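The next block holds one structure in the form of structure tokens; read it before the comments.
Here is the naming used below: chain letters follow the sequence lines, and residue numbers restart at 1 for every chain. Not measured: the values here are computed from a predicted model.
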2 protein chains.
Amino acid sequence: MPNCDHEEEHAFAAARAKMNMPKEEEIASLATAFKAISEPSRLKILFALRQGEMCVYHITEAVGSTQSAVSHQLRILRDNHIIKARRDGQNVVYSLADAHVMAVLSLACEHLNCQF
Amino acid sequence: MPNCDHEEEHAFAAARAKMNMPKEEEIASLATAFKAISEPSRLKILFALRQGEMCVYHITEAVGSTQSAVSHQLRILRDNHIIKARRDGQNVVYSLADAHVMAVLSLACEHLNCQF
DNA sequence: CTATTATATGAACACTTATTCATATACTAA
DNA sequence: TTAGTATATGAATAAGTGTTCATATAATAG
């Protein structure tokens, strides 16, 4: 046990923390969602889609990668409901799933003092 | 080149995306920051610190891990300015760096429809 | 000083994951 | 159906990362 000036308050905070800790399952979901947006290749896709919906070819162009790599990343983003897809003829058109996505990115940019 | 109903708009969106794409450096910073909060072990620490500042011992208790593992994770969170530290005698007391952190977590929980 | 407590960290191993290559599926046109 | 275009995906390899173990540093007490 520690012995600092605030030992008692910390112990209470720890007890509250244990009591209010989200379930493993919720923690895991959150972690997976954040992991989905924590790769440069995927962030680029999100910043690209901020300009509007696009099909895979144009996303590939916008982010400067290969069709295969982009498709793999699109799948991860879609599985995590970060983006959504709809088919249009031979193409599949992707767009951001909802307003939360850019809101989170904006907050993070604010946190880092970088404007975009 | 694709050939869907919206080819032209997508091409324009792709052009805008290229023009407005954040620099590699900014993308990397964002990715690193999100990566910092995308592990269950680190998320637990953040949810623990939501209850107030705590020293390492109590954080370890609150999240149910080992001192070494927690220390390694605290370092990652601190390096990314997600949490801050101050020494108090033999102890080091950790707390959330700023309001952005919980704001991002709240948004994400909202996105996942999980209350915490 | 020495002993003890609290925290930090380097190295190693296990595990995850991003990209590439090849190929498969989905759709359209003829 | 066949040919061509757009997208998806399995396998493999390479790079990254979390935990553990052992040990180091920091602060305090005596």
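B/Asn91 has no side-chain polar atom (N or O) that falls below the 4.0 Å cut-off from OP1 or OP2 of C/dT5. The shortest distance between the side-chain N/O atoms of B/Arg75 and the OP1/OP2 oxygens of C/dT7 is not below 4.0 Å. The side chain of A/Tyr57 places no N or O atom within less than 4.0 Å of a non-bridging phosphate oxygen (OP1 or OP2) of D/dA8. Of the side-chain N and O atoms in B/Arg87, none sit less than 4.0 angstrom from OP1 or OP2 of D/dA26. In terms of phosphate contacts, A/Gln73 brings a side-chain nitrogen or oxygen within less than 4.0 Å of OP1 or OP2 of C/dT19. In this structure, A/Ser65 does not reach the C/dT19 phosphate: none of its side-chain N or O atoms is under 4.0 Å from OP1 or OP2.
Between the NE2 atom of A/His72 and the P atom of D/dT7 there is a distance of 15 Å, given to the nearest Å. Taking atom CG on A/Leu77 and atom C1' on D/dA8, their separation rounds to 15 Å, with Å as the unit. If you measure from atom CD1 of B/Ile76 to atom P of C/dG10, you get 12 Å, rounded to the nearest angstrom. Spacing between atom CG of B/Leu74 and atom P of D/dT25 amounts to 20 Å, rounded to whole angstrom units. Following rounding to the nearest Å, A/Phe34 (CZ) and C/dT17 (P) show an atom-to-atom distance of 16 Å. Between the P atom of C/dC27 and the CZ atom of A/Arg86 lies a distance of 14 Å, rounded to the nearest Å. Atom CD in A/Gln67 sits roughly 13 Å away from atom C1' in C/dT19 (whole-Å rounding). Going from atom CD1 of A/Ile45 over to atom P of D/dA8 covers 11 Å, rounded to whole Å.
At a cut-off of 3.5 angstrom, counting only N and O atoms as typed in the model, there is no donor on one side facing an acceptor on the other between the side-chain of B/Gln90 and the base of D/dT28. At a cut-off of 3.5 angstrom, counting only N and O atoms as typed in the model, there is a donor on one side and an acceptor on the other between the side-chain of A/Ser68 and the base of D/dT9.
For B/Arg42 (side chain) and B/Gln73 (main-chain N/O), no donor-acceptor pair under 3.5 Å exists by modelled atom type. A donor-acceptor pair under 3.5 Å is formed between the side chain of B/Arg16 and the backbone N or O of A/Gln51.
Comparing D/dG18, D/dA8, C/dT17 by their closest approach to the side chain of B/Glu39 singles out D/dG18. When the nucleotides C/dA18, C/dT7, D/dG18 are ranked by their closest atom to the side chain of B/Ser41, D/dG18 comes out on top.
Looking at heavy-atom distances under 4.0 Å, B/Ile59 makes no contact with the nucleic acid at all.
Between B/Glu24 and A/Lys44 there is a salt bridge, since a side-chain N of the basic residue sits under 4.0 Å from a carboxylate O of the acidic one.
Partner A/Glu53 forms a side-chain hydrogen bond (donor to acceptor under 3.5 Å, both in side chains) with one of A/His58, A/Lys84, A/Arg86 and no other, that one being A/Arg86.
Between the OH atom of A/Tyr94 and the OG atom of A/Ser71 there is a distance of 6.0 Å, given to the nearest 0.5 Å.
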